[in-house]
K.L.:
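Mind looking over this structure? Questions follow.
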Amino acid sequence: MRSIRINPLDNVAVMLDDSSPEVPRGHKFALRDIAAGENIIKYGLPIGHATCAIRRNEHVHTHNMKTNLDGILEYVYNPVEIPRNPSSERITFSGFRRRGGAAGIRNHIFIVPTVGCVNRLARTLAERLNRTLPAGSVDRAVALEHPYGCSQLGGDHEMTRAILCGLVRHPNAGGVLVVGLGCENNTIDSFREKLGDFDPERIRFLVAQNEEDDCGAGMKILNELVGLASKDVRTEIPIRELVVGLKCGGSDGLSGITANPLVGRFSDFLTAHGGSTILSEVPEMFGAETLLMARCRSREVFEKCVTMINDFKRYFTRYGQAIYENPSPGNKAGGISTLEDKSLGCTQKAGSSAVCDVLLPGEHVREKGLNLLTGPGNDMVASTLLAASGAQLILFTTGRGTPFGSVVPTMKIASNSALSGFKRNWIDFDAGRVLDRDPDTVDREFREAVLAVLNGKETANERGGYEEIAIFKDGVTL
């Protein structure tokens with residue numbers, strides 16, 4: 001029987017294989033007798049309390065434990081000293097330098113509807129262009145379909161526009177066609193104004209109602225964009241210009257032991273080299289938020305973090321929903337029992353470096369280092385927000401697997417080798433190997449795998465054509 005005690009303070013261990021008939025892989029069992037009401041300790045911290053007496057070696061899960069979390073908390077800034085250890089090592093990747101200085105890792109053509117009414121037009125344009133693309137010109141056209149842009153009010157409408165603006169300005173796109181209908185709230189004129197300063201050669205616009213042949217007019221613009229973008233070539237770019245989104249989905253009991261810590265070490269590696277990472281999924285910070293708050297670089301960043309956490313809790317209570325019932329049925333089947341259990345594992349992706357800023361949806365990274373981003377845990381929505389904040393790449397850990405991919409390359413990192421072997425068409429890297437191999441060796445292999453993707457190797461989601469967006473919605477639909 002193989003198991004792991006993550007922290008010396010823990011009173012539970014996690015099963016690493018399926019050798020026990022009572023405790024499945026990824027699930028917890030008691031290392032000693034635990035009294036009713038006593039805290040269950042994992043990662044060195046409480047993840048809930050026992051609802052009844054638990055005997056040594058007994059399975060510990062939702063049937064005999066419960067969360068300790070309740071309500072909106074008062075937070076105090078108690079910063080921890082985080083040493084800055086910048087690396088002088090020069091690492092580069094081969095990317096596309098855009099006008100204005102940003103760097104992309106793909107040379108896509110994005111077709112972005114201002115409103116869901118023209119989704120089918122956007123998809124038709126992408127399909128037609130991809131059938132006729134000259135070899136070696138651009139990577140491909142991607143339609144960013146979504147159902148919004150009209151019949152929304154106030155902040156909800158502005159959030160849609162902010163997210164779409166962030167995607168239109170994404171450096172992975174060598175050219176963008178923004179497609180409007182003509183009568184929507186998110187008009188082309190108002191959207192163009194919200195974009196601010198942009199490259200009019202590479203970002204073009206089409207109003208479908210103004211064209212007799214909207215498809216023909218769109219194809220004419222797209223072919224012009226391809227002609228411009230095809231002149232872009234990969235060039236050497238310092239890794240400090242990389243922005244990486246950190247995401248998990250379909251987590252299991254091994255995610256916080258293998259895949260998430262692996263990604264966390266990469267985050268520390270990248271920020272030490274001057275690059276940036278973004279952690280979102282605010283509900284999956286609940287129960288671990290004080291650890292992130294203690295790492296905030298300044299009181300100002302701490303206050304922004306507190307606002308982000310409490311605003312999201314109010315979002316739950318505004319709709320009469322329980323704040324702390326987050327783990328999904330799949331999470332629970334994989335061994336995650338409470339939100340604290342999930343959050344302490346989830347935030348392993350953030351490594352140990354300082355939190356340098358907190359972003360709102362659609363805001364691009366301003367400060368180099370680890371950033372937090374307001375957004376839900378939903379895979380499609382959170383990944384869209386990461387891309388809209390400028391992440392050229394998303395590192396997506398999973399214990400149960402998913403084919404989903406964002407419109408930026410989305411590397412799937414399996415928490416266990418069984419998943420990696422079974423779903424080779426979904427998974428890009430097996431983090432389960434850290435249980436049997438030297439972690440430093442696996443870290444080095446992972447960095448090499450990431451660099452290969454930066455240099456042009458397609459991820460599983462790209463090969464499968466899984467490239468989607470989903471816009472966060474919180475408001476009335478007219």
Side-chain angles (χ1 to χ4, degrees), residues 1-10 12-20 25-28 31 42-44 82-83 85-93 239 242 244 246-248 251-275 277 279 334-335 344-353 370 393-401 411-424 426-455 457 459-460:
M1 186 175 83
R2 296 181 64 210
S3 64
I4 183 171
R5 184 182 197 173
I6 301 170
N7 187 287
L9 298 176
D10 293 355
V12 293
V14 178
M15 280 294 299
L16 298 179
D17 58 27
D18 294 310
S19 59
S20 168
R25 184 185 67 215
H27 285 240
K28 300 172 290 295
L31 291 171
K42 183 181 176 186
Y43 302 107
I82 299 177
N85 298 309
S87 175
S88 59
E89 181 184 21
R90 186 174 185 274
I91 300 177
T92 62
F93 64 92
I239 201 169
L242 185 64
V244 172
L246 312 174
K247 179 74 184 82
C248 57
S251 300
D252 69 354
L254 297 182
S255 293
I257 298 170
T258 59
N260 290 350
L262 173 71
V263 168
R265 293 191 294 274
F266 179 85
S267 177
D268 289 342
F269 166 84
L270 180 58
T271 57
H273 285 79
T277 55
L279 180 71
L344 288 168
C346 174
T347 53
Q348 300 287 320
K349 301 191 303 294
S352 59
S353 56
L370 172 64
L393 169 71
I394 294 173
L395 302 180
F396 190 117
T397 66
T398 181
R400 301 183 63 80
M411 280 188 72
K412 298 291 176 44
I413 301 128
S415 70
N416 61 85
S417 298
L419 172 63
S420 180
F422 182 60
K423 299 299 289 185
R424 297 180 187 275
W426 289 359
I427 300 300
D428 297 286
F429 192 86
D430 175 16
R433 69 183 81 177
V434 299
L435 298 174
D436 301 304
R437 299 180 57 190
D438 172 38
D440 290 340
T441 300
V442 178
D443 284 358
R444 185 172 61 254
E445 292 172 350
F446 183 60
R447 291 195 296 268
E448 291 171 354
V450 171
L451 191 60
V453 171
L454 300 179
N455 291 337
K457 181 181 178 181
T459 55

K.L.:
Considering all heavy atoms of both residues, which atom of Ala13 and which atom of Leu31 are nearest to each other, and what is their separation?
P.N.:
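Answer, listing the atom of Ala13 first, then Leu31: CB-CD2, 3.7 Å.
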K.L.:
Are the side chain of Thr258 and the backbone of Ser415 linked by a donor-acceptor contact shorter than 3.5 Å?
P.N.:
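At least one qualifying donor-acceptor pair exists.
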K.L.:
Find the distance between CD1 (Ile413) and CG (Leu419) and round it off to the nearest 0.5 Å.
P.N.:
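With rounding to 0.5 Å, CD1 (Ile413) is 12.0 Å from CG (Leu419).
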K.L.:
So how far is it from Leu435 CG to Asp17 CG, rounded to the nearest 0.5 Å?
P.N.:
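Nearest 0.5 Å value for the CG-CG distance: 10.0 Å.
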K.L.:
Would you find a donor on one side and an acceptor on the other, under 3.5 Å apart, between the side chain of Asn416 and the backbone of Gly399?
P.N.:
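Yes, because the side chain of Asn416 sits within donor-acceptor range (under 3.5 Å) of the backbone of Gly399.
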K.L.:
Heavy-atom distance under 4.5 Å between the side chains of Thr398 and Lys423, does that happen here?
P.N.:
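No; the side chains remain at least 4.5 Å from each other.
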K.L.:
Are the side chains of Lys349 and Thr277 in contact, using a 4.5 Å heavy-atom criterion?
P.N.:
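Answer no - side chains too far apart.
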K.L.:
Checking side-chain contact (heavy atoms from CB on, under 4.5 Å) for the pair Gln348/Tyr43: CA distance, chi angles, key distance, verdict?
P.N.:
CA-CA 10 Å; Gln348 300 287 320; Tyr43 302 107; 3.9 Å; yes
K.L.:
Output the distance between atom OG1 (Thr92) and atom CG (Asn455), rounded to the nearest 0.5 Å.
P.N.:
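These two atoms lie 8.0 Å from each other.
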K.L.:
Can you establish whether the number of heavy atoms outside Arg437 located under 6.0 Å from its atom CZ is more than 12?
P.N.:
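Counting other residues, nucleotides and ligands, CZ of Arg437 exceeds 12 neighbours.
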K.L.:
Would you call Lys28 and Asp10 a salt bridge, using N to O less than 4.0 angstrom?
P.N.:
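The answer is no: the pair does not qualify as a salt bridge.
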K.L.:
Could you state the interatomic distance from NZ (Lys247) to OG1 (Thr397), rounded to the nearest 0.5 Å?
P.N.:
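The distance works out to 8.0 Å.
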K.L.:
Of all the heavy-atom pairs spanning Pro261 and Gly256, show the shortest one and how long it is.
P.N.:
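Heavy atoms of Pro261 and Gly256 come nearest at CG-O, 3.3 Å.
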K.L.:
Check for a donor-acceptor pair, side chain of Asp268 on one end and backbone N or O of Ser353 on the other, with a separation under 3.5 Å.
P.N.:
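The answer is yes, because a donor-acceptor pair under 3.5 Å joins these two groups.
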K.L.:
Hey, are the side chains of Val450 and Leu395 touching, using non-hydrogen atoms and a 4.5 Å cut-off?
P.N.:
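Yes, side chains in contact.
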K.L.:
Any carboxylate oxygen within less than 4.0 angstrom of a Lys/Arg side-chain nitrogen, looking at Arg25 and Asp18?
P.N.:
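A salt bridge is present here (some side-chain N lies under 4.0 Å from a carboxylate O).
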K.L.:
May I ask you to check whether Asp430 and Ser417 show a side-chain donor-acceptor distance below 3.5 Å?
P.N.:
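Judged by distance alone, the side chains do pair up.
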K.L.:
Say you draw a straight line from CD of Glu445 to CZ of Arg433; how long is it, rounded to the nearest 0.5 Å?
P.N.:
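Those atoms lie 5.0 Å apart.
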K.L.:
Roughly how far apart are Phe269 CZ and Arg444 CZ, rounded to 0.5 Å?
P.N.:
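Answer for the CZ-CZ pair, Phe269 versus Arg444, is 12.0 Å.
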K.L.:
Might you point out which heavy atoms bring Met15 and Ser19 nearest each other, and give the distance in Å?
P.N.:
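The pair with the smallest heavy-atom distance is CE-OG, 3.8 Å.
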K.L.:
Determine yes or no for a side-chain-to-main-chain donor-acceptor pair under 3.5 angstrom, with Thr271 supplying the side chain and Ser267 the backbone.
P.N.:
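Yes, the answer is positive, given that a donor and an acceptor are paired below the 3.5 Å cut-off.
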K.L.:
Considering all heavy atoms of both residues, which atom of Ala431 and which atom of Leu262 are nearest to each other, and what is their separation?
P.N.:
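The answer is CB-CD2, 3.8 Å.
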K.L.:
Any idea which heavy atoms bring Ala460 and Trp426 closest together, and the distance?
P.N.:
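Answer, listing the atom of Ala460 first, then Trp426: CB-O, 3.5 Å.
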K.L.:
Distance only, no hydrogens: is a donor on one side chain within 3.5 Å (strictly under) of an acceptor on the other, for Asp428 and Thr459?
P.N.:
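No, because no side-chain N or O of Asp428 sits under 3.5 Å from a partner of the opposite role on Thr459.
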K.L.:
Between Val453 and Met411, is a side-chain contact (heavy atoms from CB on, under 4.5 Å) present by the stated rule, with each step listed?
P.N.:
CA-CA 8 Å; Val453 171; Met411 280 188 72; 3.8 Å; yes
